[in-house]
Novice: 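Here's a structure for you.
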Amino acid sequence: MLNLTDNFGRSIHDLRISITDRCNYKCVYCRTGTNGAAYAELPFEDYLRMARILVGLGITKIRLTGGEPLLRKGIVDFVRDLANLRTAAGSKPEIALTTNGHLLAEIAQPLKDAGLDRVTVSMDAVDPERFARITRVPNGYESVLRGVRASRQAGLDPVKINCVLLRGFNEDQIANFGKFAREERVVVRFIEFMPLEEDRVWTPEIVVTLDEILARMSDYLPLEEIAHERSETARRYRFSDGVGEIGIIAPVSHPFCGHCSRIRITSDGKLRTCLFSVWEHDLHELMRRGAADEKLAEFIVKVVEKKEERHHIGEPGFVPASRTMVHIGG
Ligand code: SAM
């Protein structure tokens, strides 16, 4: 059986599929607000075929993302089809979703029933006014909170909340997020801001680092580190009274490229081996030209072998990725 391993010995078992690069939010640090969709969307059957081949090659976890994946009609049926795939070991792949949560409340239960295992909701503030200023959409906070609660009720546990911190912008929300994690029984994960935005505003100074997040959160309540798996991107902490968990994903200050187990498919069917790739590989073009599954599998294996060793954020001569986050699939 073919197996997905790169030239640095990393085994690749996580796949992210962006099913659209459209988004109903215009988060100020992600999008200029003037650009809409820039790339095509494929029919679900095309993503499904790619996923089936990749699961046959050793992928065990599939995360749907975008743009905003819940903007795509038919996502519930797509999740059901993915849930019917079987890994080489005969098990269902783990299926997860990253969403801004705006349209989640009504669809959380149908997604769970279709086979979704977990959901991550992005929130960069836990107060409605600040939330609206960041997303540039009025009244989003209430919809997202309903989505988070509906997900918990549907058993999509543990619901994870991803928060990107930018200095001078939302780092004053850190303790509030700690409180939110405890009250809503969700895992809040802070993510260091990476140079992947449409406006190119990134500087090292704007990044709120792991050490700083820990210091600020510990001022609110003491934390204890808990063990995390090697390929897990987040360092995990719980509050010392046992109520509530937070995580910190620190690709800038504590890169984890050496343990990276991911590849991505963009909404238009390109394979990307790193968020910061400057090249992408046209899997869909090969499919359209009629390649058989075996040919596609060979192509994927070759592409994965050449996965980049690491990103070069903050280094002299850093070359920006060929797409920004919203068009890659975060
Ligand atoms: N629309 C969905 C959502 O909001 O979760 C999925 C796509 S969105 C691009 C995925 C995640 O990427 C969000 O949590 C967003 O905050 C994060 N993100 C966007 N730009 C980023 C950047 N430059 N650095 C780090 N994370 C970023």
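Order of appearance sets the numbers: ligands from 1, and atoms from 1 within every ligand. Heads up: numbering here begins at 1 and tracks the sequence.
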Novice: What is the ring orientation for Phe131 with Tyr141, classed by angle as parallel under 30°, tilted 30 to 60°, or perpendicular over 60°?
Specialist: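 Plane angle over 60°, so perpendicular.
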Novice: Answer yes or no: is there a side-chain heavy-atom contact under 4.5 Å between Tyr25 and Arg31?
Specialist: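 They are not in side-chain contact.
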Novice: Only distances under 3.5 Å count here; give the side-chain donor-acceptor pairs of residues 152-166 to other protein atoms, sequence neighbours excluded, each with its distance to 0.1 Å.
Specialist:
from   : atom 1 : to     : atom 2 : distance (Å)
Arg152 : NH1    : Glu184 : O      : 3.1
Asn162 : OD1    : Arg189 : NE     : 3.2
Asn162 : OD1    : Arg189 : NH2    : 3.3

Novice: Show me the donor-acceptor pairs within less than 3.5 Å that the side chains of residues 318-328 make with the rest of the protein, sequence neighbours left out.
Specialist:
from   : atom 1 : to     : atom 2 : distance (Å)
Ser322 : OG     : Arg272 : NH1    : 2.9
Ser322 : OG     : Ser277 : O      : 3.4
Arg323 : NE     : Glu280 : OE1    : 3.0
Arg323 : NE     : Glu280 : OE2    : 3.2
Arg323 : NH1    : Asp268 : OD1    : 3.2
Arg323 : NH1    : His327 : O      : 3.3
Arg323 : NH2    : Asp268 : OD1    : 3.1
Arg323 : NH2    : Asp268 : OD2    : 3.1
Arg323 : NH2    : Glu280 : OE2    : 2.8
His327 : ND1    : Asp21  : OD2    : 2.6
His327 : NE2    : Glu198 : OE2    : 3.0

Novice: For Glu68 and Thr99, test the side chains for any donor-to-acceptor distance below 3.5 angstrom and give the result as yes or no.
Specialist: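 A donor-acceptor contact under 3.5 Å links the two side chains.
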Novice: Can you run down the ring-ring contact (aromatic ring centres under 6.0 Å, His included) pairs that involve residues 295-316, sequence neighbours left out, and say none if there aren't any?
Specialist: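 Checked against ring-ring contact (aromatic ring centres under 6.0 Å, His included) - neighbours excluded - the pairs reaching residues 295-316 are Phe276-His311.
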Novice: One line per pair, note the atom names and distance for all nitrogen or oxygen contacts under 3.5 Å between ligand 1 and the protein.
Specialist:
from     : atom 1 : to     : atom 2 : distance (Å)
ligand 1 : 1 (N)  : Gly67  : O      : 2.8
ligand 1 : 1 (N)  : Glu68  : OE1    : 3.0
ligand 1 : 4 (O)  : Ser122 : OG     : 3.3
ligand 1 : 5 (O)  : Thr99  : O      : 3.4
ligand 1 : 5 (O)  : Ser122 : OG     : 2.5
ligand 1 : 14 (O) : Ser122 : OG     : 2.7
ligand 1 : 16 (O) : Tyr29  : OH     : 2.5
ligand 1 : 23 (N) : Met194 : O      : 2.7
ligand 1 : 24 (N) : Met194 : N      : 2.9

